[in-house]
Amino acid sequence: QVQLVESGGGLVQAGGSLRLSCAASGRTFSSNVMGWFRQAPGKEREFVAAISWTGGFTVYGDSVKGRFTISRDNAKNTVYLQMNSLKPEDTAVYYCSAALGSRTIAAMKRPDTYDYWGQGTQVTVSS
């Protein structure tokens, strides 16, 4: 089992920044692919970013490229999502996820490939 707890969400004005954190516990964290997804009311869960277990490979959704950065600290069992230049359309509940073992690039973008999920943290961007 892997337990994931997100933090860092909140209300921010457009153009501002937030950093989300996801603390993991349970099974070995360093061997997992970690991902961030988001879901706005009435919409499907959307891929945001993912990172390989070494941190050497990252992939982003088209809507956040150049604005968001995913990183991880395996010593702290934590993955981060730095969000800059936030827009009102970034408003959503953000979820951290973990996939045991490796994944292809395509699989890293699919929510059904992940084994564990956090409860989510709300991010609201005002215009």
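Note that the numbering runs from 1 along the sequence shown for the chain.
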Honestly curious: do Trp117 and Tyr80 fall in one hydrophobic cluster under the side-chain, below-4.5 Å linking rule?
->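 In one cluster with Trp117: Tyr80, no.
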Transitive ILVMFWY side-chain link Phe57 to Phe47, under 4.5 Å |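 Shared cluster, yes.
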Minimum side-chain heavy-atom gap Thr113-Val33 below 4.5 Å = no
Can you find a pair of side-chain heavy atoms, one from Arg67 and one from Tyr60, that are under 4.5 Å apart?
->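 No. Closest side-chain heavy atoms not under 4.5 Å.
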Which distance, rounded to the nearest 0.5 Å, do you find between the [atom1] of [X] and the [atom2] of [Y]?
| X | Y | atom1 | atom2 | answer |
| --- | --- | --- | --- | --- |
| Arg72 | Ser21 | CZ | OG | 13.5 Å |
| Ser7 | Arg19 | OG | CZ | 9.0 Å |
| Thr69 | Met83 | OG1 | CE | 11.0 Å |

With distance as the sole test, does [X] use its side chain to make a donor-acceptor pair with the main-chain N or O of [Y] at under 3.5 Å?
| X | Y | answer |
| --- | --- | --- |
| Glu6 | Thr121 | no |
| Thr124 | Thr91 | no |
| Asn74 | Trp53 | yes |

Check [X] against [Y] and note the closest heavy-atom contact, atom names and distance.
| X | Y | value |
| --- | --- | --- |
| Ser97 | Trp36 | OG-N, 4.4 Å |
| Ala92 | Gln122 | O-NE2, 3.4 Å |
| Met34 | Cys22 | CE-SG, 4.4 Å |
| Ser17 | Asn84 | OG-OD1, 2.9 Å |
| Leu18 | Gly8 | CD2-O, 3.8 Å |
| Asn32 | Leu100 | OD1-CD2, 3.2 Å |

Results of side-chain hydrogen bond (donor to acceptor under 3.5 Å, both in side chains) for Ser85 - residues two or more places apart only | none
Name the orientation class of the two ring planes belonging to Phe68 and Tyr94 (parallel below 30°, tilted from 30 to 60°, perpendicular beyond 60°).
->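 Tilted: the ring planes of Phe68 and Tyr94 meet at 30° to 60°.
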Keeping to residues at least two apart or across chains, list the salt bridge (charged side-chain N to carboxylate O under 4.0 Å, His left out) pairs with something in residues 44-59.
-> Arg38-Glu46
Charged N-O contact under 4.0 Å between Lys87 and Asp90 =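 Salt bridge absent between Lys87 and Asp90.
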Evaluate the salt bridge (charged side-chain N to carboxylate O under 4.0 Å, His left out) criterion for residues Arg103 and Asp115: first the C-alpha distance (whole Å), next the side-chain angles of each, then the deciding distance (0.1 Å), finally the verdict.
-> CA-CA 12 Å; Arg103 295 290 188 276; Asp115 302 296; 3.2 Å; yes
For Glu89, look at atom CD and say whether over 12 heavy atoms of other residues, nucleotides or ligands are found less than 6.0 Å away.
-> yes
